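Just so it is clear, the structure is predicted and the values come from calculations on it, not from any experiment.
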Amino acid sequence: MKNYLIIIITLLCNLNLCAQIIEWEKSFGGSSLEYMQALQQTNDGGYILGGTTNSNDGDVTSNNGGSDFWIIKTDELGDLQWEKNFGGTGRDYLHSLQQTNDGGYVLGGVSNSNDIDVGGNNGNNDFWVIKIDAVGNLEWEKNFGGTGHEDLHSLQQTNDGGYVLGGV
């Protein structure tokens, strides 16, 4: 009796696992390294993916040097709608993102750059926050930190339209 119960449980577990169906899968990137750190389903049913790229080819249309924030917007089937990168000639790593109340996006991570898209640096790595519109155009960017090493891990839009940042 005990053996029959184990067999029935095993069959039910296997049937449940077989019932999982992949609806779609996609790969994005270039010939160098890309790391996805955050994703969110967007209000239109698509997805916003964020991470870091070192590439300047394939799906990555540009690179500012070193590592850049890299954002991909897809439709509900995972088809690429647009992609953007932001950064300077140093190392810029995206760790967090969120769709904002106005339909745009806020991106956060760390930067040690002090040029191109990065308006300043206080020394070593700073928190770096970027606000983009619904199609990925840069609206503003800010960095926060001291002369040491800061590393933003998460951010959230607040009810008053501001942002709260968390990290080390």
**Asked** Would Y105 and T42 satisfy side chain to side chain contact (heavy atoms under 4.5 Å, CB included), going step by step from the backbone distance to the final call?
**Response** CA-CA 10 Å; Y105 305 93; T42 55; 3.4 Å; yes
**Item:** Donor-acceptor under 3.5 Å (N122 side chain, G145 main chain)
**Value:** yes
**Asked** What pair of heavy atoms forms the shortest contact from S32 to N54, and how long is it?
**Response** OG-CB, 3.4 Å
**Message:** Using side-chain heavy atoms (C-beta onward) and a distance below 4.5 Å, is H149 in contact with V168?
**Reply:** no
**Asked** So, does D75 use its side chain to make a donor-acceptor pair with the main chain of G46 at under 3.5 Å?
**Response** no
**Asked** Out of curiosity, W24 CH2 to E76 CD, how far, rounded to the nearest 0.5 Å?
**Response** 9.5 Å
**Message:** Tell me the closest heavy-atom pair linking Q41 and Q99, and the distance in Å.
**Reply:** O-OE1, 4.5 Å
**Atom pair CD1/CD of I48 and Q98 - distance to nearest 0.5 Å** = 12.0 Å
**Request:** Apply the side chain to side chain contact (heavy atoms under 4.5 Å, CB included) test between L152 and each candidate in V110, V129, N143; give the one that qualifies.
**Result:** V129
**Item:** Backbone of G90 reached by a side-chain donor or acceptor of N112 within 3.5 Å
**Value:** no
**Prompt:** Any chance the rings of W70 and F28 have centres within less than 6.0 Å?
**Reply:** no
**Request:** Grab the two heavy atoms, one from E34 and one from G29, that are nearest each other, plus how far apart they are.
**Result:** OE1-CA, 3.6 Å
**Asked** Can F86 and W128 be said to form a ring-ring contact (aromatic ring centres under 6.0 Å, His included), step by step?
**Response** CA-CA 11 Å; F86 302 97; W128 191 37; 7.5 Å; no
**Message:** What I'd like to find out is whether the side chain of N125 reaches to under 4.5 Å of the side chain of D151, using heavy atoms alone.
**Reply:** no
**Prompt:** Below 4.0 angstrom, N of the basic side chain to O of the carboxylate: do K73 and D44 qualify?
**Reply:** yes
**Prompt:** Just how far is it from atom OG of S113 to atom CG of D68, taken to the nearest 0.5 Å?
**Reply:** 7.5 Å
**Asked** Can you get from I130 to I72 by hopping between Ile, Leu, Val, Met, Phe, Trp and Tyr side chains that sit under 4.5 Å apart?
**Response** no
**Request:** Hey, could you give me the OH/CG distance between Y47 and L77, rounded to the nearest 0.5 Å?
**Result:** 9.0 Å
**Request:** Report the C-alpha distance between Q37 and T52 in whole Å, list the side-chain angles of each, state the deciding distance to 0.1 Å, and finish with yes or no for side chain to side chain donor-acceptor pair (under 3.5 Å).
**Result:** CA-CA 8 Å; Q37 294 291 326; T52 303; 5.9 Å; no
**Message:** Show the nearest heavy-atom pair for residues A38 and S96, with the distance to one decimal.
**Reply:** CB-CA, 4.2 Å
**Item:** ILVMFWY network linking L49 to V106, side-chain heavy atoms under 4.5 angstrom
**Value:** no
**Request:** Side-chain contact test, heavy atoms from C-beta onward, threshold under 4.5 Å: evaluate it for K26 versus D79 and give yes or no.
**Result:** yes
**Request:** Any chance you could lay out the side chain to side chain donor-acceptor pair (under 3.5 Å) test for S111 and D126, step after step, and finish with the verdict?
**Result:** CA-CA 5 Å; S111 175; D126 288 342; over 6 Å; no
**Request:** Check whether any side-chain heavy atom of D117 lies under 4.5 Å from a side-chain heavy atom of E141, and answer yes or no.
**Result:** no
**Item:** Nearest atoms (heavy-atom pairs only) where S62 meets N56
**Value:** CA-OD1, 3.1 Å
**Request:** May I ask whether I71 and L39 are part of the same hydrophobic cluster, defined by side-chain heavy atoms of I, L, V, M, F, W, Y residues being less than 4.5 angstrom apart, directly or through others?
**Result:** no
**Request:** Answer with yes or no whether the hydrophobic clustering places W140 together with V135; edges join I, L, V, M, F, W, Y residues whose side-chain heavy atoms lie under 4.5 Å apart.
**Result:** no
**Path from V60 to M36 over hydrophobic side-chain contacts below 4.5 Å** = yes
**Asked** Out of T53, L97, D92, which residue meets the side chain to side chain contact (heavy atoms under 4.5 Å, CB included) rule with F69?
**Response** D92
**Asked** Within a radius of less than 6.0 Å around NZ of K142, do more than 12 heavy atoms belonging to other residues, nucleotides or ligands occur?
**Response** no
**Item:** Minimum heavy-atom distance between S55 and S31, given as atom pair plus value
**Value:** OG-N, 3.4 Å
